[in-house]
Every structure is written in C-alpha cells, then in structure tokens.
Amino acid sequence: MTEVSPPKKKLVIGLFSFTCCEGCSILLTEILNDYLEAWLPLVEFRHAKALKTNNRLEGLDLAIIEGAISSVSKEEELKEIRANSKYVLAIGSCAVTGLPSASRNTFEQEGKIDDRIRDYFNRFDYAPQVKKLEDVIKVDDKVPGCPMNKDLFLAGVNKYLKICGIVE
Amino acid sequence: MHSGDITIDQITKIEGPAGLKVTVRDGQVSDLKFFIQDYRRFYTKAVQGKPAAAAPQFLSRICGTCSVSHLFASLEAVEKAMGITLSEQSRVLRRLAYDALMIRDHALHLYFFVMPDVLGIDSILDITENPEDPGHQLLHDSFDIKRLGSDISNAIIGAAIHAPLPTVGGFLKLPDPKQFPAFIERLEAIRSQVIRGIQLFYEWKQEFKRNSDYMCLRGVDRFDFINGHIITSDGLCVPETNFHEMLENVVIPYSHAEGYKLSSVHDDYLVGSLARINLNRDQLHPRTVKDISQYLKFFPSDNIYDNNLAQAIEILHCVDDAIDILKSIRIVNEKPVVATRKAGVGVGVVEAPRGILYHMAKTDENGILIDYDVIVPTAQNQINIENDLKKFFNENLYKEEKELKLAAEQIIRAYDPCMSCATNFLKIEWDKK
C-alpha cells in the first residue's frame, strides 16, 4: 500500500492596496514574470483582488501591503488584516513613510485647502492626516522605495518562507 | 428573473478600487451607481508653488501602471510652458519608451486581468504548469511580452515604473546602443506570440454594444501616442491646447472621481484603444497591417469587448515600431535643452494605454507652478461605463445574480479602467461660457 503524503504546507499570502499609485503592485506583476512558476508550489495567494475574484482574509501567514491610510474606515480595514495575518510586510514609500500619498498633510499650513478640497472632505470620510501603516498597526518588515526595491522585496518573501517553515 | 438589489463591493482584476450598486424596483433598474473608491491625493494641488522642473517626476506617481504616460504628458506641458523644443533624438527615444509602455501595460491587462474570463477560470494563479493546460502557453507568452516591455523601458528610461531618466528638455542619461541588437532579436521573436494573443481575443465571442462616440489623438503622419490633434467620431479635429474646452465636467456625488461629457452634444464618449483603432487604424505599422489584416477588417467596431482586441493589435504595432526605431537610431551625445523662458502655459496631451490624458502647467517668471490640471482617461470613461451597465442590467435582469455580476465585471474590465489615475488629481474650476 502506498502512503499518501499530506498536502505540502504553503505560505498563505494576502496582497492589499491602500491609497497610492499601485506601482508596487505593478512591479509585483512584473516580478511574477520570473517568479510565479517557482512560487506556486510554495505560496497560496489567498487574497489578491488585482489577480482574482474569490478572495478570503482568514489565516494569512503574510500580509503584503502597499499604500497609505486616508480614513478611519481604512484604518479599521488595516486592523482587520493585521488580526488575520501572522506577519505584515509594508511595501513602498507610501506604506513605509506615508509619502508621497500624504502630501495633503501639509496643505493646511500651506494654505492649500480650498472649497473644492473641502467638498471632498465633506462628502467622504477623509481623515485629517494621511498615515503610514506603522501609525495604525505593528509592521514586521518594510521594503522602502518608490516603487519598492525589488531585491529587498524578494529577500522579504524568502525570509518569511523560511520563518514559516516552507523552505529550509 | 432577478429581483432585489445587486451590489459588487469591489470590482476585481482592474487597477484600483471601484464598486457597483444596482437598485431594482418592479423588474426595472431604478438606479445604478458605478463608483470609484480610491481616496484622492490632490497631487495637482500639491505641486502648486513648487518648481515646475520637479513636477513631472512627482506627477508620475499619480499612477503606477501608466506612470510613463503621466511623466511624458507632464514633461510636454512643462516644456511647452517654458518654450523648450525637444531634439529629434529625444522625441524618438520617448516614442520608443512609449512603445515599451504599451507592450507591458496592454499585456498586463489582457493576460493577467482579462484572459481568466476567456479561459473560464478565476485567475491566472489557477493555470497549472501542465503544458496541456490551455492557459499554460498564453501565460508564458504574457511573461515574455511583459518582460520585454519592461526590459526596453529599463534600457531607455531607467525603469518601467517611475522612470528616472527622462527630464525637462531631454534625458539625464542616454541609452547604450550595444543593447539594441538583442532587443531587435527579442522583438522579432515575440511577434508570433503577440499574434497568438490577437487570435485569442478575436475568437472570444463576447458582445456588448451601446455607445458609438469616440475620441483620441491622431498623429500627423503615423499612429502616434504622444503628438497630434484630438479627433472625434463626429469629425471634430482640434489642437491639444483646446482639449479641455471640448469637455463638460460632471461631478458624480458618490464617486471620488469626476466624470466628463462632450460639451458640444452633452453626450458620453469612449477613449482608449478601441477609439484609436476605430479612428486611426489606417496609420498602423505596415507590417502589423500585413500580418493581421483578417482581424483589422472587423473595425470600426462598437463592441466594447473589442477594446481587448484593439489593445492586442496595438501591442503588435508597438513591437514593429520599436524594431524600426532600434534599427535606425544613432545615439549622439547631447544635453537636455535649456528653457528659453520661465513663465508660460503649456499643455501636454498623450494617449495613455487606456485613453486620452491631459496635463496643463502654468508657471510664473521664477519657473514656479501657479496652476496645474490633469484629466485622465478613466474619469472620461466613467459616465460611459455607467450608461453601458444601465443598459446591460435592464436587458438582462432575467439572469441569475452570479451571472450578472460576472458579466458586469467583464464589461468594466474591457475598458481597462485605472482608479489610481481617476482619483489623484483635483479638477480646477472651469470657466466656460
């Protein structure tokens, strides 16, 4: 009788995007040209709205997050991601530093808030200040750059493949 | 018959967040809202009071995937404001970089976002490594096509996303021509893969027709994404500087982005690849035309799904145009052109992968920006998309909700919308008589 080996454990990843240009996600789709084949046996993309319709948030090993946080409702979404993921990797300048997405944080002192901007602030739930991820949740690792630095990102993914016991 | 409301919280496989809410009463669509959910960053306000020379690199950050479009439109606006005329070499290198952008960006949309619909799967992530899998070869085609677009971008402008080398007046560093023969070889090799993609989107028999008004840029003597006049299917032809007078600005209360109608007829219109192929296909590269004439004869088309086929055709055109440039260009050492004045107004209109993109820069005598305006393609298509969906739902309410949601997403996806673009600028007040 042959033994059936249990399904191999994969690193369960979620990809998330907040206020930004999504350049880091686009860079990631370029990285997939070279790495998707190698990653598919090792990684489950459980949440990736840019790539699939059926997404789940539960049981993530690693949440990879781009963008800055523009509102209280987005803060709540970010906290929910944190609660569902063992580790959080912030990618790109907006997630790591807030900028350039947080450019409006200095509008008040620069006298740039006019009626048009106030209209948007009133119609939607814009927070007074745009925040970087670390202002809202604990971040385990950061990949700076605009867009994110590719080599540091790959090193980050490899680090969590090891920490989570997927590769030696 | 479907009864009750239908909500899609977030449309997937597009650039950025957008949602849809359909209200159904007594078997009819009583209300439909397509809303763009990205929070604004007000970048056109942020650049005011800053040196114009710094604006293009900053405004590239409006959008990750079409960053090169924003960069080049902004450079053109600032250069025109400051009386700079580019060298022929800079113009040709920008054209080459633009071909590379279109190759990568269209391939991302077509293969990563739309191809799963064609294959009847959820995601490219579901394609197996079994060579018998019908998606296997196409997925590997997409890797090769996108990688080539990115590699040419890296060589000519320093990066595919937020390229550092283009600057006001030219280039900070010129490319090494030793790389060109290898690119020509790879571009030649990829043509058959690109044609396989054209056939795939031709054979995908989806149809949805409503609108027949189109707008795009038309080059003087070639299929041009960067220079030309703005034309419409109604026969209008206006210079780039008059672009925003053609439009009527519409505030959409539930969307973070504003919409546009044609001011002459107060009607919606479509921008993007379908508009370009419908109106400019006579200007496509002769080699492209020769090899895919059987697909070109289906244009002009009012089928929104043919925007996908039009993009696939544009990839081949850009491959053929890039081969021409790489074979003929001789790089000479030159510095960026210096400004002749500091105060002025300049307009840069380009065709982003998803349609007409407008940048306007106004500078003072110190070269400081005192006004800036951007109009992006997805904001222009927003009303058109909404009107398409109203028609679609009214005609198909008898179907199951799951089927309706999938088809609605496919229609939206066909436009290749970009929400990052649509929400990251602030419209200035329009003074229109």
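Letters A, B, ... are given to chains in the order of the sequence lines, protein chains preceding strands, and every chain is numbered from 1.
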(message) Checking the side chain of B:Y43 only, and the main-chain atoms of A:S103 only, is there a donor and an acceptor separated by less than 3.5 Å?
(response) no

Between [X] and chain B, which part of the residue has a heavy atom less than 4.5 Å away: side chain, backbone, both or neither?
X: A:T53; result: both
X: A:C146; result: both
X: A:L40; result: side chain
X: A:Y35; result: neither
X: A:N55; result: side chain

(request) For the pair B:K50 and A:E110, evaluate salt bridge (charged side-chain N to carboxylate O under 4.0 Å, His left out) and give the outcome as yes or no after the intermediate values. (result) CA-CA 11 Å; B:K50 305 277 164 64; A:E110 292 173 280; 3.8 Å; yes

(request) Using a heavy-atom cutoff of under 4.5 Å, enumerate the residues of residues 72-85 of chain A that contact chain B, numbered in order, or state 'none'. (result) A:S73, A:K74

(message) Please evaluate residues A:L32 and B:K146 with respect to the criterion side-chain contact (heavy atoms from CB on, under 4.5 Å), reporting the C-alpha separation (whole Å), side-chain torsions for both, the decisive distance (0.1 Å), and the verdict.
(response) CA-CA 10 Å; A:L32 291 180; B:K146 283 164 69 239; 5.6 Å; no

(request) Tell me whether the centres of the aromatic rings in B:Y39 and A:F124 are closer together than 6.0 Å. (result) no

(request) To the nearest 0.5 angstrom, please state how far the OG atom of A:S101 sits from the CZ atom of B:R41. (result) 4.5 Å

(message) For the interface with chain B, which of A:A102, A:S17, A:P100 has the highest count of heavy-atom pairs at distances below 4.5 Å?
(response)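 Max contact count across the listed options: A:P100.
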
(message) Given the ring of B:F42, does A:R104 sit roughly above its face, with NZ or CZ under 6.0 Å from the centre of the six-membered ring and within 45° of the axis?
(response)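 Not flagged: A:R104 not positioned over aromatic ring of B:F42.
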
